[in-house]
Amino acid sequence: MPSVRCAACGAENPPGSQFCATCARRLDDQTGESVARRRATAVAAQTTSIRWVAVLAAGAATVLIVVIVVVLVAFVIH
Ligand SMILES: [Zn+2]
């Protein structure tokens, strides 16, 4: 296992360390850049799911309109 480099102060820590021996920051803390990237990915995923909800809602509305039209036509014919 490679040693763990602290993102905050750059100190090398023994493999498996959870906290930096020099500055006591959590070693799984990422740099600001990768946090921003992760946030952008989360926003993109959220936007994609919102788009899917919109597509599903539009599809459901279309099906509902078709059903209503079919029922109305059936009433008119009878
Ligand atoms: Zn550190």
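Note that these values count all heavy atoms, side chains included, but never hydrogens, waters or copies made by symmetry. Numbering of ligands and ligand atoms starts at 1, following listing order.
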>> As an exercise, state the distance from CZ of R25 to SG of C6, rounded to the nearest 0.5 Å.
In response: 7.0 Å

> To the nearest 0.5 Å, how far apart are CZ in R26 and CZ in F19?
Replying inline: 4.5 Å

> Out of V67, T62, V69, I68, which residue meets the side chain to side chain contact (heavy atoms under 4.5 Å, CB included) rule with I65?
Replying inline: V69

>> For the Zn ion (ligand 1), what is the number of protein N, O or S atoms at a distance under 2.8 Å?
In response: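 My tally for this metal is 4.
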
>> Please tell me whether L64 and L72 are part of a single hydrophobic cluster in this structure, the criterion being side-chain heavy atoms less than 4.5 Å apart.
In response: yes

>> Keeping N13 on the side-chain end and C20 on the backbone end, is there a donor-acceptor pair under 3.5 Å?
In response: no

